[in-house]
Every structure is written in C-alpha cells, then in structure tokens.
There are 4 protein chains.
Amino acid sequence: MVGGGRGSQIGYIHRSAAMRDRSFDLVAGAFDIDPARGAAFGAGLGLDPERCYRDHEALFAGEAARTDGVEAVSIATPNNTHYAIARAALEHGLHVVCEKPLCFTVAEAEELQRLAHGRGRVLGVAYGYSGYGTIEQARAMVAAGELGEVRLVNLQFAHGFHSAPVEEDNPAIRWRVDPRFAGPSYVLGDLATHPLYISEVICPDLKIGRLMCARQSFVASRAPLEDNAVTLMEYEGGAFGTVWTSAVNAGAIHSQKVRIVGSRASLEWWDERPNQLSFEVQGEPVRVLERGMPYLHPEALAEDHISVGHAEGLFESWTNIYGRFAAAMRATGRGDAATLAGLRYPDAAAGVAGVRWVENCVRSADAGGVWVDYR
Amino acid sequence: MVGGGRGSQIGYIHRSAAMRDRSFDLVAGAFDIDPARGAAFGAGLGLDPERCYRDHEALFAGEAARTDGVEAVSIATPNNTHYAIARAALEHGLHVVCEKPLCFTVAEAEELQRLAHGRGRVLGVAYGYSGYGTIEQARAMVAAGELGEVRLVNLQFAHGFHSAPVEEDNPAIRWRVDPRFAGPSYVLGDLATHPLYISEVICPDLKIGRLMCARQSFVASRAPLEDNAVTLMEYEGGAFGTVWTSAVNAGAIHSQKVRIVGSRASLEWWDERPNQLSFEVQGEPVRVLERGMPYLHPEALAEDHISVGHAEGLFESWTNIYGRFAAAMRATGRGDAATLAGLRYPDAAAGVAGVRWVENCVRSADAGGVWVDYR
Amino acid sequence: MVGGGRGSQIGYIHRSAAMRDRSFDLVAGAFDIDPARGAAFGAGLGLDPERCYRDHEALFAGEAARTDGVEAVSIATPNNTHYAIARAALEHGLHVVCEKPLCFTVAEAEELQRLAHGRGRVLGVAYGYSGYGTIEQARAMVAAGELGEVRLVNLQFAHGFHSAPVEEDNPAIRWRVDPRFAGPSYVLGDLATHPLYISEVICPDLKIGRLMCARQSFVASRAPLEDNAVTLMEYEGGAFGTVWTSAVNAGAIHSQKVRIVGSRASLEWWDERPNQLSFEVQGEPVRVLERGMPYLHPEALAEDHISVGHAEGLFESWTNIYGRFAAAMRATGRGDAATLAGLRYPDAAAGVAGVRWVENCVRSADAGGVWVDYR
Amino acid sequence: MVGGGRGSQIGYIHRSAAMRDRSFDLVAGAFDIDPARGAAFGAGLGLDPERCYRDHEALFAGEAARTDGVEAVSIATPNNTHYAIARAALEHGLHVVCEKPLCFTVAEAEELQRLAHGRGRVLGVAYGYSGYGTIEQARAMVAAGELGEVRLVNLQFAHGFHSAPVEEDNPAIRWRVDPRFAGPSYVLGDLATHPLYISEVICPDLKIGRLMCARQSFVASRAPLEDNAVTLMEYEGGAFGTVWTSAVNAGAIHSQKVRIVGSRASLEWWDERPNQLSFEVQGEPVRVLERGMPYLHPEALAEDHISVGHAEGLFESWTNIYGRFAAAMRATGRGDAATLAGLRYPDAAAGVAGVRWVENCVRSADAGGVWVDYR
Ligand SMILES: NC(=O)c1ccc[n+]([C@@H]2O[C@H](COP(=O)([O-])OP(=O)(O)OC[C@H]3O[C@@H](n4cnc5c(N)ncnc54)[C@H](O)[C@@H]3O)[C@@H](O)[C@H]2O)c1
Ligand SMILES: NC(=O)c1ccc[n+]([C@@H]2O[C@H](COP(=O)([O-])OP(=O)(O)OC[C@H]3O[C@@H](n4cnc5c(N)ncnc54)[C@H](O)[C@@H]3O)[C@@H](O)[C@H]2O)c1
Ligand SMILES: NC(=O)c1ccc[n+]([C@@H]2O[C@H](COP(=O)([O-])OP(=O)(O)OC[C@H]3O[C@@H](n4cnc5c(N)ncnc54)[C@H](O)[C@@H]3O)[C@@H](O)[C@H]2O)c1
Ligand SMILES: NC(=O)c1ccc[n+]([C@@H]2O[C@H](COP(=O)([O-])OP(=O)(O)OC[C@H]3O[C@@H](n4cnc5c(N)ncnc54)[C@H](O)[C@@H]3O)[C@@H](O)[C@H]2O)c1
C-alpha cells in the first residue's frame, strides 16, 4: 500500500476491505509522506519493519527484490501522485488499485491503461460505492428492460462540509482545493465521478454526445477550483443527464443520489440508505426494494454478507469491489478470459472515463459554460 | 368565475378556497366552453340561472348591467384564453384572479399589468402553493439571515403522469401539449413557474442575470413543446440556480421541491409534505420544522387554520392566497396603500415574471441551449 | 353550533368542514360559555344577532320557535357538557354532531343512542380523521382479503405537548386533566378513541373479548387522570391489539398511527402523512399507496377533492365526514333506508363504542392493570 | 469457533468482526454438527486441518494440549447447546463469546457467570447491535440528562419473515420454533433481548419492578413457543416500558426500534437506519443526529471506522463489540481492573439479564398474562 497512513481519510477502508474475506494480505507499504511516521504506522499494523518503505520507489524496488514480494499495490495518496506511482507500479509488474481520480489528464490515463494492458496487469480504480448489491440490482433491472427506455440520468453528490473555508485549518482538505495536488477540478473529480461511474454501471449503453458544465467557487479563494458545479449531458440516442456536485450544500451529509428515469419506471438509489432502492413504476405504488430479498435479481444477491434486515454499509461495498479486484487479478494471472468477461469492476477504462469526463467538464466550464462535443 | 366547469382539474379548489372563510361569494359564471353544460353546472352550484352566462363576454356585460354585479372574477380556462378574458375583465373594471401562466408573451403580460394598474384593480395569479405557512417561514428565515448568504436555489417540479402519450385519450391533457392552447411551452410554464414563484417569495433579492435552458420532448409528438427541461440560472451577485421540470419523471407524484442553500445553512420544502420544512445548519443536526409550532416566525403562524399536528393541505394554502387576494381588493378599493404594502400575494408582477422566465427559457432552448441574458 | 367559540381548538374545522361543499349552512349558535363573547363571535361570523343565543337551551328553544329553525347542531364544548346538550338537542328533534368522547358513561351513551333512534335523528360523532380516502382504501383492502386474516392491530396516538404541566397556564388544557370536565380519562378518551374508531372502520369484524390497561400520570397532579396509557386487547377469534396513547411522548407531534398486520400483508397509516398508506406484503417490496391514484379501490377515490399529488389534509377528511352526516340526515329525513345502509360514518354506535372502550380501560387500570372481560 | 458453519446465518459476521482490526485470529474450530462438513468448511477458511475438530469437546481438549492453543472461543450454535459448550469452554480456561440467549434458565446463566468469574475469564454475549456509535450517543445523552427524567422505554423487534410456517421447509428456522432447541421462548429470546439489552445500555439505572407478558402463536404449530409477544414493564421509580416482538409482522424487515421518552426530550433509534438517531426535544424541531459528526459525545465517536456520510453497518457494530471483547480479555489477562471498569460490553451479567427477562415473561404469559414481580 502507498499512502493511507495515520489519520488519512480513506486508508483504513482500503485495508479493511482488501483483507476481509482474505482477498488480499497486507505485507508491505509506504504509508506516509513522512517516512518515519509511515514506518511507525506500518509497525502498528504488525508489518515487518523491513517492508515499511520510505517511499513508493523504495517499496517497488524492495519488493521486486524479494521472492515473496507483493503482487499488487493500493494507492491512496493525494491525486497529484497517482499517475507517477501507478505507472511505476505497473512498470514493476504489479497489479494496481488506485484512488480516483486516476490522474489529471486523459493522456496520462490512457497511458496507464495501455501500460496495464501491455503488462497484463489489472488496474482497478476505487469507486467503492459501486459494490453495493442495490447497484447490481439497478443494473440488472435496466438490462432486463424493467424501466423501459432510459430517458433521464440524474446524478448528485453534494455535501456541505466545506461551506466555510475549512481548508485554512486542515491540511487534509487544503490539498483538495489546490490545483497542484488536486488537479484540474475539485468536486467534479472528487465527488461527481462516483455517481457518474455508478450510472455507467447501471446504463452501460449510454454514451455522452456533448455536455456543458457550469462551475462556481463560492469560497473565492478556491478558484480556479470549483466547490459547486452542474453538468448537463446529452447522450447519444436522446437521453439526457444532469450532475450536481457540491461541497457547499450546507447541512447535507452526502446526498449522493442516482436516479434513472425510463419510459416506464424510475429507480433511485441514495448512498446514505444503501440497503434500499426505490422502484417507481408509473401508475403503480412506489416500491422500496431491500437488499437481500429473494425477489431481487441473482446478481444483486451474489455478494451479500448477511441476511436481509441487517444493515450493510460502505465496508461491504468496498469488500465486494476488492473481492472482484482479487478475482480479476487471479483470472488475469492464469489468462482466464472467460472469468474476466464475467467480472464487473471499476477498471482502467472506468478510470479513463472519469478523467475524460472531468476534462470535458472543465473545458466547457472554462469556456463559459458552453456545450462541448465529448471527446 | 370563467372556466373551471364540470370535470375540470382546478375549478373546485378555486371555488372552495375563495369561499372559505367567506373571502368571496360565488354568484355568477361562464363555467364551460360548452354553454349548456356550463349553465347546468352553475345551477348545480346553486347559482341563479340568469347569472350562468354563455361566455365571458356575456358574463362581464351582464354583470356590469346589474347593480349587484360581481366585483372580481377567477379565470380557470386553458392558457390561450387567459389574456383575452383577463383583459376584458379588467376593462370592465373587475378585479381578476387568473390561472398561470398569465398569458403567452411578456408584452401581453405587461399590458395586463398596466391595465390593472391604470384601472386600480388587483390582478392576482393562482400560484396556489405559495400560501403555505412553511413558505412564509422560509421567507422569514432568509430575511433574518438564518441561512447566511444565499448561494444556490434548486427548484424542481417533476411528475411522471405523462410518461406515455396519455393525451391521445384525454382532451384535458391534449391542450396542454398543443402550442395553440398551451402557449410556447408545456412543463416550463405549467409546472416550473410554481417553484420559481416560491423562490421569488423566499429570496426576493435574487435577480436573474442570465440563464440557459435545455428542453426535450421524450414523447416526440409533443414537439415543439417540451415534456422535460432543465434550466440553469446565474443570479446577479453570484448565486446560482437550477430548475428541473418534467412530466415524464416516471413514477414520481409531484416532486415539487425547493432547496435554498446558504453559506451557513439550507432549507428544503417539498409540496407532498407541506407541513414540514427541513432546516440544515452546516455542522448541526438536520432539524425538521413543523407548521404551527411556536418556534416559527410569526408570519408563518399568522394564517394557520388549526393547531400543529393536524395536517393542513393544499386547500389551506389556496385559502390563504385567496384571503390575501380579498384583502388586497378591499384595500385597493379603499385606497389603503399601507395595507397593500404589507400584503404579499402573487400579483401582476409575479404573473409577468413567470411569463418572462418562460420566454427566456424558450429563447435559450430554441437557440440550442445557450446562455442568454435575461430580459 | 354549540361551543367552538373564539380561540377554541376545534370550532373552526367544524364550521369549515360543515359549510364546505354546501353540506350545511351555519345560521345560529351558542358559541361560548361567556354569552357576550359568544354573541360577538357569532356576529363576526356574519350571523343574525338574534340567532346568537346565550346558551344551548336558549338556542334550541329559540330555533324551535322559528319556521326556519335549525335542523342539526354541532356540539364542540368540553366533554362534561356533551351528554346534556346532545340529549336536549335530540329531544328538540335536532340531528346532532357531537364531539368525542360522546359522554362519560356507557349508560349515558346508550341513552343518547336510544333517543336518536327513537326520534329518527342522526347522532354523529366527530371522529374527523376517519374521512380520509386512505382509510377507505385500508377498509376495502381488508374486506377484499388483501391482508389475509387479520392478526394484529397496533394503534397509537402519542404526542408530547403536555410533557410539562402546561395546564397550569392554559385553561383550554386545564379542563382536559380535570375529571369534572374531562370525564373518567384524559388521553384514553381524548386521543386513543380516534385510532380505535379507525380500526373499527378498517376491521369491522373484530370484537374485543377482553382487555387490560395500564395508565400513568407522569405529571403527578393529573392523577387520577392519565397522561400515558397502554392497552392490550384480545379480540374474539385470536387477533391481538395494542394501543399506546400519550400526551407526554416528548417531541412527538401526533404520532397517530394505525398498523394492521395480516397473515399475508400489513397496512400502516399515519395521520401526519395522510395521503400515503404503506402496504407491506410479506416477501415483496414495501409499497407506498398514494391518495388519488387509479389503482385504489373506488371507495377510496369517491370523495377526492383534487387530483393526486396535491396534498389533501385534515380539512378534506372532516369535509368528507360532514358530507356523510348531511347525506345521512337527508336520507333519514326521507326514510331512505337503502341509502343509509350504504353510508359509513361515525354514528351513535361508534360513539357508544368509544365510551365503552374507555370505561373498560379505566376499569382494568383501576384494578391494577388486570385483564377484564369486555362489556 | 464452535458452530457458524456453512450456510449458517450468523457465523460469517462473528468471524469477520472478530478478525477485523486484528482483534482475534481464527485458528481452530468445530464449525458444524456434521464433522466432515465442518472440517471441509474449516479447510476452506484456510485453517490447519488438524485444528478443525469433530466437536467442541475435541476442540477444547485438542487445543488445551497445544502450547499455541486458542485462548478464546466463539459459540454460534443453536440455543440448546450454548450452556454445555460455554461451560466446557470456561472449564478449559477459555474466554467465551456466546450467542444469545446465553442459555435456557437463570440458574444455568448464573452458573456460567460464576464460573467465568471464578476462572477469571471473560464471558461475552453477542448482542451485536449494541456496538453502534449511535447507541453510545444515546447512552451519553441520557447520562448527561439531556432527556430529563426517563419516563418511557418503547422497544420493538418485529419482523414478518415467519408469517407463514416457513419452518416446514427450512431446518435453520425449524429449530427456532422447537422448544428442545430454542428453549422456553421463540421471539422473546431470539429478538426482544436485543433491544432490551440496548435499553439497559442506554438507561443503566432502570430496574424492572414487575412485568406482564402476553404471547401468541399465530402459526398454531409453533405453540407453546410464541411468534408474537407484548411485554409491559413497570420500572422501579415510575418509568414504564413496552416491548413488542414478532416474527409475523408481515412485510416488515426488522423494525428493531428503541424509543426513550424523557420528561424533556425523546430519542429514537432504528436498526435499519443505524447511522441516524432522532432527538426530539419537546417544543423544538426534531433533530436527526448523524454518526460521525463532531457535535456528538466523544464516546459516540471513539469507535468510528470512517468519516461521517459513509454508511456504517452492522459489521462495524459487531467489530466494535468484538474489539471490546478483546480489550476485556487482555485487561482480564493482566488483571487490569481500571481498564475493565472503563469498558462497556455485553458481559455475563447482560447474558444473565436477558435469560432472566425471558424467564419472567414466560412465567407471566403462562399464567395468563398477569403481572409478576420481577425476580
Ligand atoms: N473512493 C473514495 O470514496 C475516496 C474517499 C476519500 C478520498 N479518496 C481519494 O483517496 C486519495 C487520498 O485521500 P485521503 O482523503 O485519504 O487523503 P489524506 O490527506 O487524508 O491522506 C493521504 C495519505 O497519503 C499519504 N501520502 C501523501 N503523499 C504520499 C506519498 N507520496 N507517498 C506515500 N504516502 C503519501 C499521506 O501521508 C496520508 O497518509 C485521494 O486521491 C482522494 O481523492 C477517495
Ligand atoms: N395553479 C395550479 O396549480 C394549476 C393546476 C392545474 C391547472 N392550472 C391552470 O388552470 C387552467 C385550467 O386548467 P385545468 O387543468 O383546470 O383545465 P381543464 O381542461 O381540466 O378545464 C378547463 C375548463 O375550462 C373550460 N373552458 C375552456 N375554455 C373556456 C372558455 N373560453 N370559456 C369558459 N370556459 C372555458 C372548460 O370547459 C373546462 O371546464 C390552466 O391555465 C392551467 O394551467 C393551474
Ligand atoms: N375531533 C377532534 O379531533 C378533536 C380535537 C380537539 C378537541 N376535540 C373535542 O372537542 C371538544 C372541545 O374541545 P376544544 O379543544 O375545542 O376546547 P376549547 O376549550 O378550546 O374550546 C371549548 C369552546 O366551548 C365553549 N364552551 C364551553 N362550555 C360551553 C357551553 N356550556 N356552552 C357553549 N359553549 C361552551 C368555550 O367557550 C370554547 O369556545 C372536546 O370535547 C374535545 O375532546 C376533538
Ligand atoms: N446476535 C444475532 O444478531 C443473532 C442473529 C442470528 C442468530 N443468532 C444466534 O446465533 C445462534 C446460531 O444461529 P444461526 O441462525 O446461525 O443458526 P443456523 O442454524 O443458521 O446455524 C447453526 C450452525 O451451528 C452448527 N452446529 C449446530 N450444532 C452444533 C454443535 N453441537 N457443534 C458445532 N456446530 C454445531 C450448524 O451446523 C450450523 O453451522 C443461535 O443461538 C441464534 O439465536 C444471533
């Protein structure tokens, strides 16, 4: 593991999800920008001190020199480092699980994708919300035509925790609003790519034709990075999409919602109530689908960790994703194309897609919120 | 009353709200496009058959000829007739309550406004959702600075009842998607103007600087009228707004929601749960405000019909609006400017504002969804 | 009308519901315990001063002396006066709508019932929540066997407004906790009889075999009257019921809920969201039924005041009940037994049933919370 | 581990929670009533085949013979076996985590408690819902007097999954309704003890003075075991409690709810939305507290696994409980009384309390639903 050290927001769930169900074992790391702190942290996790490295280069080199060296690495560092670390890892022949956004430009992202492909390695991206059974259910329902033709995709990830300039006192937030570390966007990349990826999972046939994006920096010091943005998307074939993302939606917790509207019915998913899915057939009563119920599609039940009624949470979703990463790595290792074809996980293409979407949004926004052809 | 005859959607609530609390008395009408049916309907309401007229012209002439003729008229006919009927009524010296949209063009709307002004008559518009105490509470909270500076205005009125081409079998829907009767828009004028007016009540200081609108006709035969639209608004001073309106949001009932996001807190109101208001201060627990509770601002309690806990509904909201129309007419009659200054109701200016907004949206949409300066 | 004067909690909704849809006209009253205040109040309502009487006796005598005297009276006074006023009204040959609880003892209630029967007059009781279309829907669903065999009836009306001894400063609350005015119970009679009556409407076949009741006075000065109580009921045939009623459920608004559990499915209704009904078939997704939707039983749609999506409230429910009172009075007047058989409204039998239930609860509670045979 | 083998409902969460955060390591087991299946299951978990034993006796003996033998055991077998297995484990000097109900009689439970005490071993009980941060918050709020004096405790765990006689086709349910395996009760012990324990955590000062219980077997073949029960409790000092538990609440998922009503405010917790807590101060807006927010008491934040907004679920709650079991075992091992005093976990006393409560309920119910002194 690279990054995810003491006090990091996301390190624990990576480790916990990866090790759950024995998908992975954690044996080495470069956990912190501060090597000493990283070493102490690794020791606290029970790692061999020799395998707590000063940085990712030392890690990859050191592990490559071992017969029992790591086969895969998780990258949970600030955005600006993803590209270099992921490239180095792939070049060392490692499978990679990288945080989102994968990198800053489509060019970089495609390079990583090519590299992974060329080396025969898995490059997974940590779209951790996508592992819920309710997302699988939504996907299966759309595929089965239960919504009719998809017309509208309404996406939202709009919290309020950065309504005030909280970055002034908090370094873990400060890098997020600094383009040198965060890249070309703040909330578009940090938040919106999550529901965007979920929409790609649920509606794999939708292709964006053109989009327009308006972004704002309500805390002025964040400019040019936005703390609020709205994106409109015209899909090929006539469907229409909207994305609202915000860090200044005062008082809101996550408000990550995905609503898919079809000609016959709609589906709505909300990450704060992830065990439920609202299914709304026009002319019929709204139905609340519950994770774990036998009436769901088999794919939605396949990764359940416990019977219905017992609340699953984000850790189970991440565990499912990490489980699929592991399965993909094993299948890749043995060249098992059939298994790979049946596996759905946020892969290099998903990473590229997220970076591409942000790039298009920024291009539109910087041109004054005009429609741009998606490229 | 003109229109609102047998089987009409909105006639009953006009009559019921107007006559509740003895604000108005119903004594004459031209209730139906079919005079015989209209006369029968009026008789059923207990009206003097002589005062059930064949059409609005006969009504205005006939009543003008009486010493006890009507002083005010409600117009609840399809959109295309509003302008002519309202103008005729004003020219006969009547106060007018007209359904929305007031008419088809800003030019017409301003003419009606001038006419009302010139004749010293009230011209009210039936934005009937705006009478809820919870709306008054929201207004008072914004005015008192309880949200901080307003940053975002998110508006929505998106039902799903016309997901299929139901107009084929239903004349009461057919006119709504026919530009000859509906005017230049369908859902923008029919639905979106409701939450738009509410946002104007809550945030009176916000002025739209420019907007862009994308509209779609998912049921193709409705083109050029839209059954779904998204509008983005840049307010002067930096606030940003979005409006989603739809008649193809399959499975949704009304989904009329108004969310105001400030630098310190947000408010959210939903017309399907009109007795509650969500107040979300960043960093504090979400609070659910309840109509009728003593902690509300006095304006929010002033028009309560019953103590807290007993569900009020749309009829109370309309009753409040009609009560204010009556008060405005009385005050106008006696030239009581002080009372008029203290009354807030959807007036001619609100009617103009709604028509203007639709006109700008259509102008943007028809130009390909580009930003247009608001005019 | 008797009672319901200035500042009274429930007078306005009586008048408003009775006069809506021209079911009744208000022409006379004895509105207040203070005759002068009552007269002023009546004048404010636009009544003929001569028909604003000093008390109910003067009212009944005065109206009897007129050729256009009232035919029916609504009684909205404190509980202790219901029996005498209702009896006097019936003896004067008037139809009566009386507030609940109808009186203090089953003996009195049965006497009123006999009197009404003997005189051929309607005696209605103001169980005003029972007029919602969603209640009709629930009744029709149970009748159609959609729940299977009814097993459990869970009733609740538990607010928190009297958590503190608020009666000390408020005369309108003080009488409610004083046995001389309130009768043998506080919350059992004041609150619990509402959902109890609703359960009788929904499940007309259930007969209580025995019950037990525990009651408490958390504000000690209220003893012997309870401010919280739990009642358990064994129905004949094996179903089981519970009733929780409270005025000290701190922070709760109304919490009036009715849950009917059958062998196949459950229904849940909540008076704070009266346009919805939760229908929960075992093994299927929970469904949220909406007032006004065509999938409802015809009885549930028959009294709709406006199309689906527009929130109806308690005023519509009361209007429906008053409309049925009027229909019953007209049918009684013309001896139309067929119409009467088809009308469902809270009648004298419902009034007796409520008083009986309270009497049994108090008997059980006063014996230490023991099971008592229902009588 | 004993029990929790292939297809068992609860085995996975025991293992997953125990091993998360490296609280425990799983090295040996007797996972199944069928030894071969148990061995295969253990092998699948990666265990040394030698340490996959044929039954718990072989396990305890085999491990005792090793220098690296287990120090603690989790028991996840049907109820009838808990007593014997737990006793044997304690006699072998092992710490024990046992499923609820701990055993069948208070006498047995107290014997286990004494044994654990005498041997200086931890005896924990798997009240796994009690580890949520929201429960800690509730406890801290009551302790700080934020509710005022506690008046009412309303507990509920009422699902509908056994509305039909599903046990006929499902052995994992069959034992639950067979007194030989389940003990003296079904839902009282299986479900109600969960919210009961939570209420003991939140309101440690409440002592039951007397209670009464009515139980029913709506699926008649389950008699004498109940599939529905209501218990009323008088606490010493005047507070009052109710418990509804059911397996025939058709259509309900879990409906495990805990409502604590105080003289000033109420709290409500619902296991299907475990990240929220409703805080309802009389006279103020209802507040929705969210896990992870800085306004919570420190105890409620101490065991957070991830920042606010990210949904935690039952696995995090169990992980917290297992983490406390581990801490208690370590502290017991080193005789660290100070640490033990600061640890709150479902211990032997909690196990005894649950069995005692069931015993009192059954005694009351079998006597016809009479009040019994708590003993
Ligand atoms: N998938 C999700 O839901 C999700 C949620 C939060 C964050 N993230 C992403 O995770 C990444 C990390 O975010 P975070 O919130 O945990 O950040 P953070 O600032 O809380 O933690 C970053 C960690 O990385 C370490 N680090 C920094 N540079 C390093 C380097 N060069 N080598 C080794 N370690 C280094 C830091 O010492 C720290 O431990 C970001 O890309 C962010 O976008 C994803
Ligand atoms: N404020 C709201 O919430 C709301 C809700 C629904 C409709 N509306 C508006 O109300 C108006 C009427 O809508 P509706 O749904 O009741 O329509 P509808 O088609 O159901 O009824 C229209 C009524 O007007 C009568 N009519 C038509 N032309 C007439 C004429 N020239 N003279 C007299 N009567 C005439 C018809 O016979 C019919 O009785 C529209 O402008 C609509 O936009 C407003
Ligand atoms: N159905 C419901 O939902 C509901 C709700 C609230 C109250 N109630 C019932 O309505 C009745 C009145 O309750 P309230 O809350 O309105 O009481 P209140 O104290 O607010 O008002 C009582 C009114 O009756 C008048 N009055 C008292 N004695 C009178 C007399 N002898 N003659 C004429 N007028 C008299 C008073 O002056 C006052 O105007 C009670 O029986 C109560 O249980 C029913
Ligand atoms: N804490 C909770 O939330 C919760 C939830 C469910 C069950 N439980 C409790 O957990 C226990 C197990 O319930 P379950 O639903 O998992 O049961 P189950 O029938 O699904 O599984 C029982 C497991 O124990 C094994 N087993 C049975 N007898 C054994 C023996 N003598 N030695 C070794 N293994 C044996 C079985 O082979 C099976 O693998 C019960 O006491 C139940 O009350 C608790």
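Because the structure is predicted, anything quoted here is derived from the model rather than measured. A note on names: the letters A, B, ... follow the listed sequences, proteins ahead of strands, and every chain is numbered from 1.
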- Message: Please determine whether side-chain hydrogen bond (donor to acceptor under 3.5 Å, both in side chains) holds for the pair B:W175 and B:N79, giving the CA-CA distance in whole Å, both sets of side-chain angles, and the decisive distance to 0.1 Å.
- Response: CA-CA 9 Å; B:W175 70 255; B:N79 304 351; over 6 Å; no
- Carboxylate-amine/guanidinium proximity below 4.0 Å for C:E167 and C:R176: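 Salt bridge flag = no for C:R176 with C:E167.
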- Message: Under a 4.0 Å threshold between the charged nitrogen and the carboxylate oxygen, would C:D68 count as salt-bridged to C:R51?
- Response: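 Salt bridge: yes.
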- Most contacts with chain C, counted as non-hydrogen pairs under 4.5 angstrom, among B:G309, B:G313, B:S317: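 Most pairs with chain C among the choices: B:G309.
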Using a cut-off of under 4.5 Å for heavy-atom pairs, which of [options] has the most such pairs with chain B?
| options | answer |
| --- | --- |
| C:L314, C:N275, C:I13, C:I10 | C:L314 |
| C:Q276, C:H159, C:H305 | C:H305 |
| C:R20, C:E316, C:E272 | C:R20 |
| C:R22, C:M293, C:M19, C:R273 | C:R273 |

- Query: Under 6.0 Å between the ring centres of B:H254 and B:W270?
  - Reply: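 When the ring centroids of B:H254 and B:W270 are compared, they turn out to be at least 6.0 Å apart.
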- Query: Taking the side chain as C-beta and beyond, is there a heavy-atom pair between B:L289 and B:Q137 under 4.5 Å?
  - Reply: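 Yes - at least one pair of side-chain heavy atoms lies under 4.5 Å apart.
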